[in-house]
Structures are given as C-alpha cells and as structure tokens.
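Numbers restart at 1 for each chain; the letters A, B, ... are given by sequence-line order, proteins then strands.
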There are 2 protein chains.
Amino acid sequence: MNTRAHIIQLADTLIRDKGYNAFSYHDIAKTIGIKPASIHYHFPVKSNLGVAVIEKQIDRLFAVIEKYKSKSAVERLDKFLSIYTAIQKDNKICLVGSLATDFNTLDEQVREKLKTFSELMLDWVSDFLEEGRSTELFEFEGSSRTKAIMIVTNMLAIVQLSRLTNEQDFDTVKNSIKQDLIKK
Amino acid sequence: MNTRAHIIQLADTLIRDKGYNAFSYHDIAKTIGIKPASIHYHFPVKSNLGVAVIEKQIDRLFAVIEKYKSKSAVERLDKFLSIYTAIQKDNKICLVGSLATDFNTLDEQVREKLKTFSELMLDWVSDFLEEGRSTELFEFEGSSRTKAIMIVTNMLAIVQLSRLTNEQDFDTVKNSIKQDLIKK
DNA sequence: GTCTATATGATGATAGAC
DNA sequence: GTCTATCATCATATAGAC
C-alpha cells in the first residue's frame with residue numbers, strides 16, 4: 001500500500017476509535033514510521049485528510065452497492081448488517097456516527113462530504129427495503145426511507161452504546177432488526 | 001446559580017455540542033466571565049468536571065423517574081421522548097452518545113460514571129415498556145430490555161444523524177416509535 | 001517524498017498573590 | 001474564589017534542505 005492510502009486507512013481507524021479531534025498527525029506518523037510534517041505533503045491541512053477518509057468510504061460503499069445490485073433484498077440486508085458487525089468486532093464505531101458527534105467542529109468541506117455519504121447509505125438501505133417489501137420478503141409499515149432511518153439509527157447507535165453496556169447487545173439489535181423485518 | 005453549577009451546565013452543553021475533547025476550560029471561562037485557571041479551583045482536572053456533568057444528569061433522571069413513577073406507561077414514554085425532543089430543538093446530541101464516541105479517550109472514572117448513567121436510562125425505559133405491555137397499552141415482541149435498546153438507539157442516533165440529513169427525520173423517528181408500540 | 005527546524009497557538013495544569 | 005504568571009506539552013502548519 002502506498003503512503004497516501006496508508007495514511008487514509010490509519011486516519012479512518014483513528015477517527016472511529018477516538019474521534020476526529022482526538023487523533024493527530026503524530027499518531028499516524030509514528031505508526032507509518034515517518035515524521036508528522038511529512039503527512040502534510042499528502043494532506044496539507046487536516047480537513048483534506050478528513051475529506052479523503054470519507055471519500056474512500058464512499059468508494060467502498062459504491063463498490064458494495066454495485067456488487068450486490070442483482071442479489072436479493074435479504075442478501076443486501078445481511079451485507080449491510082455485516083458491515084456493522086465488522087465495525088463492532090474491531091471495537092470501533094461507524095464513521096457517520098463519529099463525525100456526526102464532532103459535526104460542529106468540522107470544516108464545511110468535511111461536513112458536505114459526510115452528508116453525501118450518509119445520503120448514499122440511506123438511499124441504498126431504502127432501496128433494498130423497498131424491493132424486499134415489493135417481493136414480499138420483508139414486511140413493514142410506512143415509507144422505506146423511514147424504515148431505513150429506523151434501522152440505520154439502531155446500528156449506528158448500538159456500536160456506540162455497546163461500549164458502555166456489553167457486546168451481546170449488538171447481536172440483540174441485529175437479530176431484532178431481522179426478526180422484525182422478515183415476513184413470517 | 002453558583003459558579004460551580006454554572007460551570008457544570010456549560011460543560012454539559014459544550015460536550016453535547018462539540019464533544020468532550022473539543023471543549024476547553026477557556027470556552028467555559030469566557031462565558032462565565034472568569035479566567036480559565038479559576039475553573040481549576042472547582043474542578044482540578046478535566047475528568048472531575050466530566051464526572052460532575054454525568055452525575056448532574058443522573059440526578060435529573062432520578063428526579064424524572066421519581067416524578068413519573070405513578071404515571072401511565074404512555075406518559076412515561078412521552079416524557080422519555082420529550083427529553084430527546086428538547087435536545088433536538090437545542091441542536092445538541094445526548095450525553096451518552098457524545099461520550100460514547102469519545103469513550104476510548106476518557107478517564108476510567110468518567111467511563112464508569114457514564115456506564116452507570118446508561119444503565120439507569122435503559123432500566124427506566126425497560127420498566128415502563130414492561131409495564132405498558134402488561135397493562136396492554138403497548139405491544140411488542142421479545143424482552144423489554146431488547147425493546148428498550150431498540151428505542152434508545154433510535155433516539156440516541158437520530159439526534160446525531162439529523163445533523164446530516166434534516167430536522168424532520170427526528171419527528172419521523174419519534175412518531176414511528178410510538179406507532180410501532182401503541183396497541184391498536 | 002521525507003527530513004529538520006521552526007512558528008504559532010491552544011491546552012490542561014500549578015504556584016502563589018490578592 | 002479569582003487573579004496573574006508561568007509551565008510543559010501537544011497540535012496544526014510552513015520553509016527549505018536533502
């Protein structure tokens with residue numbers, strides 16, 4: 001992996017571990033084995049790095065959407081849930097939740113990119129929920145966007161809340177979502 | 001209000017606005033009109049202030065629980081939802097969500113106090129959900145604690161997520177929770 | 001691309017006067 | 001209780017050598 005990509009990957013992990021304002025160029029530099037000033041060659045200011053981290057996640061979500069576009073709604077739901085399962089196993093939280101908390105301290109460019117990312121995610125979830133309902137795999141009331149928000153908020157928050165309660169609560173939420181949704 | 005209480009109140013608001021690591025003694029001092037060093041008389045180290053902020057919220061929740069203990073489950077649910085409505089109107093997020101995001105940067109004392117607070121909240125919600133079901137006001141499957149987690153995660157996350165999407169999403173979630181729960 | 005050196009400013013914290 | 005003065009540390013960021 002090249003240095004630029006390595007920096008982005010470490011920044012992503014650090015943001016989701018400690019928060020945007022708690023990680024520093026020094027944290028990244030010491031892991032890579034270069035000096036903090038060298039990071040500025042790749043990302044002159046911190047918000048450039050923030051934007052790059054979100055862009056990378058947008059790219060990865062686009063790839064997932066593309067890969068799963070012809071799969072069933074259940075498979076797409078499982079994929080969505082598995083993304084959060086990986087976050088949980090890694091003892092991190094999701095990027096949207098972390099940066100939403102720090103939102104009022106972020107530069108405008110980072111805010112806008114984050115909005116783009118959250119819209120993309122909500123649209124994707126809404127889409128497979130809607131399709132799942134029309135194919136009678138899922139059952140729920142109200143609009144698919146509303147249901148998407150309910151499910152996304154469950155997942156976004158449980159990776160945060162389970163830091164305080166216990167890890168099993170994550171599985172509890174995941175199973176509850178599926179049980180509630182799958183048509184009997 | 002005395003200075004100590006004023007400091008706690010401002011710290012609470014700042015944590016829920018910008019996050020624990022983004023607020024400083026300077027932020028508080030300039031609003032109160034004293035010097036940053038003077039804050040250290042009341043709270044020698046920042047984690048003392050962090051603990052005090054959580055303790056204050058625990059006290060307030062205890063008072064709510066006491067005041068509502070003989071009211072109906074629906075009234076208690078409405079009270080729970082109204083707490084988050086106030087947070088949303090104030091353009092803030094909830095303390096648990098904010099500090100859970102910063103959890104890996106917090107002192108042990110702050111972490112423990114935060115766990116106590118989240119348990120208290122979950123227990124309260126579980127209690128009125130259970131009672132609401134037994135009196136046939138509410139209808140839901142699974143344990144009351146599971147349902148409490150589902151509802152708390154919805155509220156905790158929507159105050160964060162609606163910073164990125166739009167304010168109406170908050171009402172959407174609130175109404176969806178009630179509609180889902182109230183027995184028809 | 002990475003280094004050293006440096007500027008600049010913020011931060012949490014302490015000591016001691018008032 | 002609040003002040004001034006001060007400290008050590010850390011942060012983002014820049015300039016210029018290699």
Side-chain angles (χ1 to χ4, degrees), chain A residues 1-54 56 98-99 101-111 113-114, chain B residues 1-54 56 98-99 101-111 113-114:
Chain A
M1 183 158 39
N2 64 43
T3 304
R4 184 189 158 86
H6 198 178
I7 293 167
I8 292 171
Q9 180 237 303
L10 289 171
D12 177 279
T13 302
L14 284 163
I15 290 170
R16 294 183 302 99
D17 184 53
K18 310 199 298 182
Y20 184 82
N21 293 304
F23 93 89
S24 69
Y25 276 28
H26 175 76
D27 293 332
I28 294 169
K30 73 171 181 237
T31 302
I32 297 187
I34 59 179
K35 299 293 168 185
S38 305
I39 313 281
H40 285 276
Y41 169 78
H42 303 277
F43 303 97
V45 299
K46 198 180 182 181
S47 59
N48 298 153
L49 178 52
V51 168
V53 166
I54 304 168
K56 177 74 185 171
S98 180
L99 291 178
T101 298
D102 296 330
F103 194 73
N104 291 341
T105 72
L106 301 177
D107 280 16
E108 192 57 28
Q109 304 153 359
V110 184
R111 292 184 188 193
K113 194 61 76 176
L114 187 60
Chain B
M1 182 157 41
N2 63 45
T3 304
R4 184 189 157 86
H6 199 177
I7 293 167
I8 292 172
Q9 179 238 303
L10 289 172
D12 177 278
T13 302
L14 285 162
I15 290 170
R16 294 183 301 101
D17 184 54
K18 311 199 297 181
Y20 184 82
N21 294 304
F23 93 90
S24 69
Y25 276 28
H26 175 75
D27 293 331
I28 294 170
K30 74 171 180 236
T31 301
I32 297 188
I34 60 180
K35 298 296 166 183
S38 306
I39 313 280
H40 285 277
Y41 168 79
H42 303 277
F43 303 98
V45 297
K46 197 179 182 181
S47 60
N48 298 151
L49 178 52
V51 168
V53 166
I54 304 168
K56 177 74 185 170
S98 180
L99 292 178
T101 297
D102 296 330
F103 194 73
N104 292 340
T105 72
L106 301 177
D107 280 15
E108 192 57 27
Q109 304 154 0
V110 183
R111 292 184 188 191
K113 194 61 75 176
L114 186 62

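The shortest distance between the side-chain N/O atoms of A/T3 and the OP1/OP2 oxygens of C/dG1 is not below 4.0 Å. Remark: B/S38 is in phosphate contact with D/dC3, judged by side-chain N or O atoms under 4.0 Å from OP1 or OP2.
Atoms CG and CD1, on A/L14 and A/I7 in that order, are 12.0 Å from each other to the nearest 0.5 Å. One distance of note links NE2 of B/H42 with CZ of B/R4; it measures 9.0 Å at 0.5 Å rounding.
Minimum heavy-atom separation, B/D107 to B/S47: OD2-OG, 3.2 Å.
Across the protein-nucleic acid pair, B/Y41 atom OH and D/dG1 atom P stand 4 Å apart, rounded to whole Å. In this structure, the NE2 atom of B/H26 is 13 Å from the P atom of C/dG9, given to the nearest Å. In this structure, B/H42 places its NE2 atom 16 Å from P of C/dG12, rounding to the nearest Å. Going from atom CG of B/N2 over to atom P of D/dT2 covers 10 Å, rounded to whole Å. Summarising the geometry, the separation between NZ on B/K35 and C1' on C/dT11 is reported as 16 Å, rounded to the nearest angstrom. One can place CD1 of B/I39 at 13 Å from P of C/dT11, the figure rounded to the nearest angstrom. At whole-Å resolution of the value, CD1 in B/I28 and P in C/dA10 are 17 Å apart. Note: CG (B/L49) to P (C/dA13) measures 10 Å, nearest angstrom.
Candidate nucleotides D/dG1, C/dG1, D/dA11 were compared by shortest atom distance to the side chain of A/S24, and D/dA11 ranks first.
B/N104 contributes a side-chain N or O that, together with a main-chain N or O of A/D17, makes up a donor-acceptor pair within less than 3.5 Å. A donor-acceptor contact shorter than 3.5 Å links the side chain of A/S98 to the backbone of A/I15. Formation of a donor-acceptor pair under 3.5 Å by the A/D102 side chain with backbone atoms of A/L99 is not found in this model.
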One character per nucleotide, please: for nucleotides 13-18 of chain D, 5' to 3', B when the base has a protein heavy atom closer than 4.0 Å, S when only the sugar-phosphate does, - otherwise. BB----
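With A/F23 as the aromatic partner, A/K46 meets the cation-pi criteria of under 6.0 angstrom to the ring centre and within 45 degrees of the ring axis.
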